[in-house]
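Take a look at the structure set out below.
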There are 2 protein chains.
Amino acid sequence: MDGQGGRTRRRGEELIKAIHAAVLEEVAEVGVGRLTMEGIGRRAATPRTTLYRRWSDPVEVLLDALYHAHPVEEPTPGADDLRGDLIRSLRLMVDWMLSPAGRAVAAILTDPQRRPEVSKALYEKVFAGRGGTFTRTVLRHYAEHGHFPARLLTPVVADIGEALVIKRMFDTGRLPADDDLADIVDQAILPAIGLGPG
Amino acid sequence: MDGQGGRTRRRGEELIKAIHAAVLEEVAEVGVGRLTMEGIGRRAATPRTTLYRRWSDPVEVLLDALYHAHPVEEPTPGADDLRGDLIRSLRLMVDWMLSPAGRAVAAILTDPQRRPEVSKALYEKVFAGRGGTFTRTVLRHYAEHGHFPARLLTPVVADIGEALVIKRMFDTGRLPADDDLADIVDQAILPAIGLGPG
DNA sequence: TTGCTTAGATACGCGGTTGTAGCTTACCTT
DNA sequence: AAGGTAAGCTACAACCGCGTATCTAAGCAA
């Protein structure tokens, strides 16, 4: 007879998952600097006392959530469509950046008072096991199959696509359409590996 | 005989300059979200009451400071050294990003709760009068003088240099050396305008 | 010198977050 | 069915930023 609806009490795994989701949403919305136990608890609909039983700090909750986050999906290069695979890998990146984990990562990496431990946890856990960035995986595959000279696949070249996607999302505030991704591939990446249209 | 050292009392212009400097430093350090009258006042060594006499909000102080900030220096293309001018324009960008105003701008643009009015003020005031981004100015100049086909100077191509500099500063946390800038020019920008070494 | 303007100092109540404590009660195990 | 574990709830003092009010005294101009 408490009138609070039939909301059952969460425990263990289930509760923790909710808290992890909450802290990722929270950090994406307010940033690392404004992370607060109060805010996390509010979003997860759990009292702060429950949080303090497990963690002593909002950042600890965040690190724990990152630790349990799924690693980023890796693009799987097809048979013989370099251009299409590049566009698809950038699409994968854009989609990921819109996910809770992606937006959380963006908030963390751009935090003014970025703490090394947090960035470190990011690279180790979220990007764990990945061979490289989105386009790098594709480019390495096609370089190994002789579609272009491997010596052209420098760190700079491997970053071109991601860098341009990031800058575009910054400048326009919205996500690039497929047309934009194609432009990036055609006008920046392909020329850099000697496969420009000109 | 107040014992507070001989610190003279600041007034008008002088005081405001100190406050502008303070808010830029503050936002670069804690971010827009954590900007506070308290923090600004502390850094400028002035009581909050003085701030409230002129502004009603930390963001207003920030916007005012940006309004009075010096516009970004524009690269001046030389006679006949496209590659050198590109590297110099990126160097100009890196140097600016390390200045108080530059770091403030970075903090503002990456703020999770980025407010349109603030970004708008940025582009209108800080970048006011500039024809374009750093490398774009250089590229347009050389395109107009026939060093490469103007049709290749697309929005994507004009962004390549800046995008890569930004991503590098993100990833490594430190500023790119001249070697890195040269790599960006040689491996990404020049190929995109059909002047690759290959 | 007189007097206006305004920076500087202090104080206040308000509201939000903190970290802790205690109690109740749902959930799970035995 | 009984008991232990832990989630949920309430409360607390402490701190900090907010926005305002009031007083003082420094800087400047007539």
Side-chain angles (χ1 to χ4, degrees), chain A residues 1-23 25-65 68 107 111-113 115, chain B residues 1-23 25-65 68 107 111-113 115:
Chain A
M1 294 245 202
D2 53 82
Q4 298 299 353
R7 177 66 165 296
T8 176
R9 183 176 289 187
R10 297 162 302 177
R11 253 178 114 89
E13 190 74 9
E14 183 191 359
L15 176 64
I16 293 185
K17 272 190 163 180
I19 294 175
H20 284 166
V23 70
E25 288 173 29
E26 188 76 6
V27 77
E29 191 163 304
V30 304
V32 180
R34 267 181 164 175
L35 256 196
T36 168
M37 287 300 211
E38 180 76 20
I40 299 168
R42 209 183 303 131
R43 198 180 284 267
T46 201
R48 272 175 302 131
T49 45
T50 301
L51 298 178
Y52 280 112
R53 275 180 200 123
R54 278 175 221 274
W55 305 279
S56 61
D57 208 86
V59 174
E60 276 196 23
V61 188
L62 176 59
L63 287 176
D64 202 38
H68 289 90
D111 184 58
Q113 313 177 306
R115 294 164 63 176
Chain B
M1 301 258 193
D2 54 87
Q4 299 300 351
R7 177 66 167 296
T8 174
R9 184 177 288 189
R10 298 161 301 178
R11 254 178 113 88
E13 190 73 10
E14 183 191 359
L15 177 63
I16 293 185
K17 272 191 162 180
I19 294 174
H20 284 167
V23 69
E25 286 173 29
E26 188 77 5
V27 76
E29 190 162 306
V30 305
V32 180
R34 267 183 164 176
L35 253 198
T36 167
M37 288 300 213
E38 182 77 20
I40 299 168
R42 209 183 305 129
R43 197 180 285 268
T46 201
R48 273 175 300 134
T49 45
T50 301
L51 298 179
Y52 280 112
R53 274 180 201 123
R54 278 176 221 272
W55 305 280
S56 61
D57 208 87
V59 174
E60 276 195 23
V61 188
L62 176 59
L63 288 176
D64 201 37
H68 288 90
D111 184 58
Q113 312 178 309
R115 295 165 62 178

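Chain naming here is simple, since letters A, B, ... match the order of the sequence lines and numbering starts at 1 in each. What you see is a predicted model, and the numbers here were worked out from it, not measured in a lab.
- Following rounding to the nearest Å, Glu26(A) (CD) and dT17(C) (C1') show an atom-to-atom distance of 13 Å.
- Taking atom CD on Glu38(A) and atom P on dG19(C), their separation rounds to 12 Å, with Å as the unit.
- Contact annotation for Thr46(B): backbone-only contact, meaning every heavy-atom pair under 4.0 Å involves sugar-phosphate atoms and none involves a base.
- Contact record, Ala22(A) with Ala44(A): CB-CB, 3.6 Å, taken as the closest heavy-atom pair.
- When each of Thr50(B), Leu63(B), Ile19(B) is checked for a side chain to side chain contact (heavy atoms under 4.5 Å, CB included) with Trp55(B), only Ile19(B) meets the rule.
- Contact between the side-chain N/O atoms of Arg54(A) and the OP1/OP2 oxygens of dA7(D) is found at a separation under 4.0 Å.
- Listed pair Arg42(A) / dT17(C) meets the phosphate criterion, a side-chain N or O lying under 4.0 Å from OP1 or OP2.
- Glu29(A) and Gln113(B) make their closest contact through O-CG, 3.1 Å (heavy atoms, listed as atom of the first residue, atom of the second, distance).
- If you take CD of Glu13(A) and P of dA7(D), they are 12 Å apart, rounded to a whole angstrom.
- Taking atom CH2 of Trp55(B) as the reference point, atom P of dG17(D) lies 19 Å away to the nearest angstrom.
- Computed from coordinates, the Leu15(A) CG to dG8(D) C1' distance equals 10 Å when rounded to whole Å.
- Computed from coordinates, the Ile16(A) CD1 to dG8(D) P distance equals 12 Å when rounded to whole Å.
- With DNA chain D read from its 5' end, the first of the two nearest nucleotides for Pro58(B) and Thr49(B) is the one closest to Pro58(B).
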Name the pairs: protein N/O against N/O of nucleotides 12-15 of chain C, kept only if under 3.5 Å.
none

Inset, instruction - List the steps, then state whether side-chain contact (heavy atoms from CB on, under 4.5 Å) holds for Arg54(A) with Ile16(A). - result: CA-CA 10 Å; Arg54(A) 278 175 221 274; Ile16(A) 293 185; 3.5 Å; yes

Inset, instruction - Could you please spell out the steps behind the side-chain contact (heavy atoms from CB on, under 4.5 Å) verdict for Arg10(B) and Thr46(B)? - result: CA-CA 9 Å; Arg10(B) 298 161 301 178; Thr46(B) 201; 4.1 Å; yes

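- Nearest heavy-atom pair across His68(A) and His20(A) is ND1-CE1, 3.5 Å.
- Rounded to a whole Å, the CZ atom of Arg53(B) is 6 Å from the P atom of dA7(C).
- Looking at every heavy atom in both residues, Leu35(A) comes nearest to Glu26(A) through CD2-CG, 3.6 Å.
- Applying the 4.0 Å criterion to OP1 and OP2 of dG8(C), one finds that Arg10(B) has a side-chain N or O inside that range.
- Look at Thr36(B) and you'll find a side-chain N or O under 4.0 angstrom from OP1 or OP2 of dC18(D).
- Regarding Tyr52(B), its OH atom lies at a distance of 14 Å from the C1' atom of dA21(D), rounded to whole Å.
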